[in-house]
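Everything on this sheet refers to the single structure shown next.
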Number of protein chains: 2
Amino acid sequence: MTDPARQPRRLEIRQQNETLILQAAEKVFAEAGFGGATMQLIADLAGLPKANLHYYFATKEDLYRRVVQNIFEIWLNAAQSMDDAPGPVEGIGAYIDAKMDISRRHPNGSKVWASEVMHGAPVIQDYLETTLRDWTTDRAALIQRWIDAGQMRPVNPEHLLYMLWATTQHYADFGHQIETLNGGKPLSDAQWREAKDQVKSMILRGIGALP
Amino acid sequence: MTDPARQPRRLEIRQQNETLILQAAEKVFAEAGFGGATMQLIADLAGLPKANLHYYFATKEDLYRRVVQNIFEIWLNAAQSMDDAPGPVEGIGAYIDAKMDISRRHPNGSKVWASEVMHGAPVIQDYLETTLRDWTTDRAALIQRWIDAGQMRPVNPEHLLYMLWATTQHYADFGHQIETLNGGKPLSDAQWREAKDQVKSMILRGIGALP
DNA sequence: TCGTTTCCTGACCGTATGGTCAGACAAGAG
DNA sequence: CTCTTGTCTGACCATACGGTCAGGAAACGA
């Protein structure tokens, strides 16, 4: 007969349930915050008994940490779109594209991250001080090289990065506000395309990479 | 003798305690979120017994609503810097100045607002649909007039507003991340000035209001 | 001074929450 | 089949939370 799952049954169950829980947790943490989220709510959304959650994740904080790490990794991967680019138009353009896509596809992850940072990064402070700091230093150097090569105006690379993060993540974190101002409807495909174009156009011209 | 308080004693006490509680509440809500904040924590920070808080504010949600309304009004007032400006350089420049100053002086209020919107605006949805929507429509029209007058490039006014909000508020909402990337130290006066200049420069050039 | 209103607070209550645990059950190994 | 290991869960517990309340203290008006 068919053999849809090549893995051993146990591993399959484990992975499936962990994913189920993580997805539910991301949504609940995004909508209620860490303090407002309850294990019962996450359990109900995942369709599992609460005790089962504690079998896979010892504490609420463990579960939360995993959710935060997930979105952070997604962002780090997207950042590679910036490298290997011949100049700011392609590099920063691609980065904006990638981050806007993530804002659309993972709005909850973005919100959880924002919430975590706003509360002083109690559980991912070490990531900020190591991975993120290194990443930022490297990209700032990359931008500086573009500046030195005359491919864009001399701007402060760090503040440019802040602007990139702020603008792209705003479409996820403040999606509800944008939706309300959009007549209560989520942005359509065309509107998302326009948002991307507008952001890219304004920023790339703002740094003198486009005429 | 001296008469430091001209008001009747009762009114004075009331105002003083309400302010004390609101300040403490803003900080605790910003640092812990609505769900993570406790009346006991707010009471301790305000130096009052918990029961006293419930004498002035019936419920936790009432207190929270007042905190959110406060920052919203501060922002609305700042927005007037945009009107009566002859063009985008002065208008948007002044708006950025004002919003950056608020980000520096009221970071907690900004965080509470961000948190509220991220969670779907459960208590200020009506503000979004009335006051904020009207405000946005008016300013979008103002920007459109500048575009029609050839004072800036034709951009989508709404997305420009989003970028202004995102970029300026980022310095408050993600202040902890910025501080960490700044070597663990808060931005100095000079750094805040540079941040303002960079934001203004990039955005005003991005919309073609500056060469 | 006396009565009234406002302010204040320790003690208390019902509820909801994160987490535990004993034991049932299923999967794999031999 | 048997034993071991991993998976599952209802019932339970201690704690912490938002909110209440009776009654005392202070301010005020007459």
Side-chain angles (χ1 to χ4, degrees), chain A residues 1 3-22 24-29 31-68 112 115 119 122-123, chain B residues 1 3-22 24-29 31-68 112 115 119 122-123:
Chain A
M1 297 306 292
D3 186 359
R6 187 117 298 277
Q7 311 175 2
R9 188 99 180 74
R10 289 238 170 107
L11 185 61
E12 184 195 355
I13 288 177
R14 190 165 198 96
Q15 289 178 342
Q16 184 176 319
N17 280 342
E18 281 190 0
T19 307
L20 211 59
I21 294 170
L22 283 170
E26 184 182 87
K27 187 166 189 213
V28 173
F29 282 133
E31 287 173 359
F34 179 81
T38 71
M39 294 298 270
Q40 189 62 63
L41 227 63
I42 297 171
D44 290 348
L45 190 59
L48 296 171
K50 193 186 69 166
N52 208 349
L53 264 65
H54 282 101
Y55 174 71
Y56 286 104
F57 301 90
T59 68
K60 184 184 177 185
E61 198 176 311
D62 283 344
L63 177 53
Y64 173 75
R65 181 178 284 112
R66 282 285 302 273
V67 170
V68 175
V112 175
S115 194
H119 298 355
V123 317
Chain B
M1 300 295 290
D3 186 358
R6 187 116 298 275
Q7 310 174 4
R9 190 96 180 77
R10 289 236 171 109
L11 185 61
E12 184 195 355
I13 288 178
R14 187 163 201 99
Q15 288 177 344
Q16 183 177 317
N17 279 343
E18 280 191 359
T19 307
L20 210 59
I21 294 169
L22 282 171
E26 184 182 86
K27 187 166 187 212
V28 173
F29 282 133
E31 286 173 359
F34 178 82
T38 71
M39 294 299 271
Q40 189 63 62
L41 228 64
I42 297 171
D44 291 348
L45 191 60
L48 296 171
K50 193 186 69 164
N52 208 350
L53 265 66
H54 282 101
Y55 174 73
Y56 286 104
F57 301 90
T59 67
K60 186 184 177 185
E61 198 176 311
D62 282 345
L63 177 53
Y64 174 75
R65 181 178 283 111
R66 283 284 300 273
V67 171
V68 176
V112 175
S115 194
H119 297 356
V123 318

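Looking at B:Lys50, its side chain comes within 3.5 Å of the base of D:dG19 through a donor and an acceptor atom.
Computed from coordinates, the B:Asn17 CG to D:dA27 C1' distance equals 14 Å when rounded to whole Å. Between the CD atom of B:Gln15 and the P atom of C:dT6 there is a distance of 16 Å, rounded to whole Å. Remark: P of C:dT20 and OH of A:Tyr56 are 18 Å apart, rounded to the nearest angstrom. For the pair A:Lys60 NZ and D:dA16 P, the computed distance is 15 Å after rounding to whole Å. Atoms CD (A:Gln16) and C1' (D:dT7) sit 13 Å apart, rounded to a whole Å. For A:Glu18 and D:dG6, the CD to P distance is 14 Å, given to the nearest whole Å. The distance between atom CD of A:Gln40 and atom P of D:dT9, rounded to the nearest whole Å, is 13 Å. Atom pair B:Phe57:CZ and D:dG18:P shows a separation of 15 Å (rounding to whole Å applied).
Looking only at side-chain heavy atoms (C-beta outward), A:Asp62 and A:Arg65 come within less than 4.5 Å of each other. Between A:Thr59 and A:Tyr64, every side-chain heavy-atom pair lies at or beyond the 4.5 Å cut-off. Side-chain contact between B:Leu63 and B:Leu22 is present, with at least one heavy-atom pair separated by less than 4.5 Å. Side-chain contact check for A:Arg66 versus A:Phe57: some heavy-atom pair is nearer than 4.5 Å.
Distances from the side chain of B:Thr59 to the nucleotides D:dG19, C:dT17, D:dT9 place D:dG19 closest.
The environment of NZ in A:Lys27 is sparse: at most 12 heavy-atom neighbours from other residues, nucleotides or ligands sit within 6.0 Å.
Across all strands, A:Ala37 comes closer than 4.0 Å only to sugar-phosphate atoms, never to a base (heavy-atom distances). As judged by a 4.0 angstrom heavy-atom cut-off over every strand, A:Ile13 is placed among residues touching the sugar-phosphate backbone only.
For the pair A:Asn52 and D:dG10, the criterion of a side-chain N or O lying under 4.0 Å from OP1 or OP2 is not met. At D:dT7, one or more side-chain N or O atoms of A:Arg14 fall inside 4.0 Å of OP1 or OP2 (strictly under the cut-off). OP1 or OP2 of D:dC8 has not a single side-chain nitrogen or oxygen of A:Tyr55 nearer than 4.0 Å.
Taking the nucleotide of DNA chain D with the nearest heavy atom to each of A:Leu53 and B:His54, the more 5' of the two is matched to A:Leu53.
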